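Below is one structure; the comments refer to it alone.
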Amino acid sequence: MALRHADDKTVTTLVAEATTAPSMHNAQPWRFRFLTGERLLLLYADPERAMPRSDPGNRALHIGCGAALFNLRVAAAHAGLAPDVRLLPEPQDPLLLAAVHLTEQAEPARDEELARLHAVIRQRHTSRHPFAEKDIPEDVRSMLQDAAARESAALLFPGPWHAETVLDLVRDAESRDVMDPGAREDLIRWTRLGPEADSAVDGVPEYAFGPRKRDGKAPVRDFAGRRPVADRGTTAFEYTPHLALLSTSGDGPADWLRAGQALERVLLEATLADLATSLTSHALETPELRLLVRDPGSGTGQVQMVLRIGYGPRGPATPRRPVTDVLDIV
């Protein structure tokens with residue numbers, strides 16, 4: 001079979017699929033540059049899409065870019081290309097997060113473990129709807145834990161006491177937002193209401209807010225706040241939400257990028273297993289609360305994301321910026 005070349009058209013497709021990744025408030029904080037002669041695709045952070053109140057250290061920004069990087073790897077494997085990734089290749093340029101050399105490969109040599117995930121790249125959506133009160137089989141949990149481990153991360157399903165502690169911390173974070181008038185600045189900036197939602201290319205549009213929570217314990221962020229949203233409705237969410245904590249051993253920019261890749265690998269595997277997913281970083285945005293989210297048994301690891309996993313609707317697709325806005329080819 002002929003080799004697949006990393007030409008401009010192929011790279012444009014790869015970046016389009018990379019950018020279906022989740023990011024905090026769907027800010028899409030990434031930029032790409034393709035050096036044609038070197039077949040090198042560079043991933044940059046976009047500081048204009050940072051969130052100074054919610055993410056002052058840019059941890060969540062790196063996680064979102066890491067998720068996009070994993071999608072890029074999946075798309076490249078599907079296209080018969082072998083992505084050779086270097087994280088933070090130039091320490092003097094902190095905005096350059098990864099360099100991906102796209103090596104041509106014959107079809108039989110492609111990474112099938114990555115390529116098989118391509119089928120659900122565009123099906124994975126964050127769900128802010130109720131999930132069923134239904135257990136997740138142990139073999140599915142193990143499969144998701146293995147997915148995280150493949151990306152140098154750990155996925156913990158907390159026991160009842162630990163899960164209740166995490167839920168308490170989420171509620172604590174919500175209460176702090178109410179007391180701090182400026183705490184919702186980033187959320188308001190990145191939500192799209194009314195006619196703006198129909199033409200949005202980023203942010204969280206009102207049709208993706210999901211219903212208001214009448215009762216239940218599921219940690220679902222209310223993106224509307226006190227702002228009215230027509231025809232939204234209220235409903236009960238699950239009383240026993242299935243949570244998972246994604247952790248890394250370290251807590252620097254490279255660890256955050258690995259966490260993002262692990263996160264997306266877990267989310268895609270969950271989608272393949274017909275699971276719905278949502279994310280919450282609310283209790284992780286305050287340093288003192290974040291420390292309390294860790295496994296109380298070991299007290300080790302740095303929790304990078306709280307996942308809610310279950311059986312239910314996947315939620316709608318959220319808008320994405322045109323590839324021409326995020327990719328430069330030189």
Side-chain angles (χ1 to χ4, degrees), residues 22-27 51 53-57 59-60 63-64 126-133 136 154-188 190-191 204 208-226 234-248 251 256 259 263 266-267 270 275-297 299 301-310 312 315:
S23 58
M24 189 174 187
H25 301 351
N26 195 29
M51 300 188 191
R53 294 301 299 260
S54 308
D55 185 37
R59 183 182 63 85
I63 291 174
T126 297
S127 177
R128 300 181 182 90
H129 293 269
F131 296 167
E133 297 279 1
I136 300 172
L155 191 70
L156 170 70
F157 290 92
W161 180 86
H162 187 190
E164 192 62 41
T165 298
V166 173
L167 294 172
D168 286 342
L169 293 171
V170 171
R171 289 189 285 269
D172 192 347
E174 292 170 347
S175 298
R176 293 182 182 214
D177 283 357
V178 172
M179 299 298 293
D180 181 1
R184 298 180 67 84
E185 286 179 3
D186 292 328
L187 185 145
I188 292 171
W190 293 104
T191 48
V204 183
F209 288 2
R212 288 188 184 275
K213 185 169 65 174
R214 182 173 64 244
D215 49 20
K217 293 186 176 182
V220 181
R221 197 171 213 158
D222 188 351
F223 280 86
R226 297 180 180 179
T234 62
T235 191
F237 281 69
E238 63 267 29
Y239 284 89
T240 309
H242 298 296
L243 305 182
L245 308 180
L246 183 77
S247 302
T248 54
D251 200 27
W256 303 335
L263 172 65
V266 169
L267 293 176
L275 289 164
T277 57
S278 66
L279 309 173
T280 179
S281 60
H282 215 159
L284 308 178
E285 294 164 18
T286 305
E288 59 269 27
L289 294 184
R290 186 176 172 220
L291 289 173
L292 299 175
V293 177
R294 294 194 296 187
D295 178 7
Q302 304 293 330
V303 179
Q304 306 293 355
M305 188 62 68
V306 179
L307 292 77
R308 170 178 162 252
I309 304 172

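Every value quoted in this text rests on a predicted model; they were computed, and no experiment measured them.
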Heavy-atom pair of closest approach, residues [X] and [Y]:
X    : Y    : value
A163 : P158 : N-CB, 3.9 Å
W161 : P296 : CZ3-CG, 3.4 Å
P211 : P130 : CG-CD, 4.3 Å
G312 : F131 : CA-CD2, 4.2 Å
A236 : R214 : N-NH2, 3.8 Å
L243 : V166 : CD1-CG1, 4.1 Å

Any side-chain heavy atom of [X] within less than 4.5 Å of one from [Y]?
X    : Y    : answer
W190 : V204 : no
L289 : D172 : yes
Y239 : E133 : yes
S247 : R294 : no

With rounding to the nearest 0.5 angstrom, report the [atom1] to [atom2] distance, [X] to [Y].
X    : Y    : atom1 : atom2 : answer
T235 : H129 : OG1   : NE2   : 10.5 Å
L307 : F157 : CG    : CZ    : 8.5 Å
T191 : F209 : OG1   : CZ    : 5.0 Å
I309 : S127 : CD1   : OG    : 12.5 Å

> Have S278 and R308 got a donor and an acceptor in their side chains that come within less than 3.5 Å?
Replying inline: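 Looking only at side-chain atoms, R308 and S278 do form a donor-acceptor pair, the distance falling under 3.5 Å.
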
> Given L279 and V306, is the side-chain contact (heavy atoms from CB on, under 4.5 Å) satisfied, shown in steps?
Replying inline: CA-CA 6 Å; L279 309 173; V306 179; over 6 Å; no

> Would a distance-only check, ignoring hydrogens and angles, find a side-chain to backbone donor-acceptor pair under 3.5 Å from S54 to M51?
Replying inline: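 No.
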
>> For residues 276-289, which residue pairs pass the salt bridge (charged side-chain N to carboxylate O under 4.0 Å, His left out) check, not counting sequence neighbours?
In response: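 Counting only pairs at least two positions apart or across chains, the salt bridge (charged side-chain N to carboxylate O under 4.0 Å, His left out) contacts touching residues 276-289 are R176-E288, R221-E285.
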
> Can you name the residues that form a salt bridge (Lys or Arg N to Asp or Glu O under 4.0 Å) with R290, not counting sequence neighbours?
Replying inline: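 Counting only residues at least two positions away or on another chain, R290 forms a salt bridge (Lys or Arg N to Asp or Glu O under 4.0 Å) with D251.
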
> R59: what forms a salt bridge (Lys or Arg N to Asp or Glu O under 4.0 Å) with it, not counting sequence neighbours?
Replying inline: none

> Under the side chain to side chain donor-acceptor pair (under 3.5 Å) test, which residues partner T248, sequence neighbours left out?
Replying inline: Q304

>> Can you confirm if the aromatic rings of H25 and F223 lie within a centre distance of less than 6.0 Å?
In response: yes

>> Looking at K217, I want to see if its NZ is surrounded by more than 12 non-hydrogen atoms of other residues, nucleotides or ligands under 6.0 Å.
In response: no

>> Which residues pass the side chain to side chain contact (heavy atoms under 4.5 Å, CB included) test with R171, not counting sequence neighbours?
In response: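 So R171 forms a side chain to side chain contact (heavy atoms under 4.5 Å, CB included) with E164, L167, D168, E174.
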
>> If the condition is side chain to side chain contact (heavy atoms under 4.5 Å, CB included), which residues does L156 pass it with, not counting sequence neighbours?
In response: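 Listed in chain order: H162, L245, D295.
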
>> Checking V303 against L284 for the side-chain contact (heavy atoms from CB on, under 4.5 Å) test, could you report, in this order, the C-alpha distance in whole Å, the side-chain angles of both residues, the deciding distance, and whether it holds?
In response: CA-CA 8 Å; V303 179; L284 308 178; 4.0 Å; yes

> Can you list the steps and then say if D180 with R53 is a side-chain contact (heavy atoms from CB on, under 4.5 Å)?
Replying inline: CA-CA 11 Å; D180 181 1; R53 294 301 299 260; 3.0 Å; yes

> Passes side-chain contact (heavy atoms from CB on, under 4.5 Å), L267 versus T126? Steps please.
Replying inline: CA-CA 9 Å; L267 293 176; T126 297; over 6 Å; no

> Is the shortest distance from a Lys or Arg side-chain nitrogen in K213 or D222 to a carboxylate oxygen in the other one below 4.0 Å?
Replying inline: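 No, this pair does not count.
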
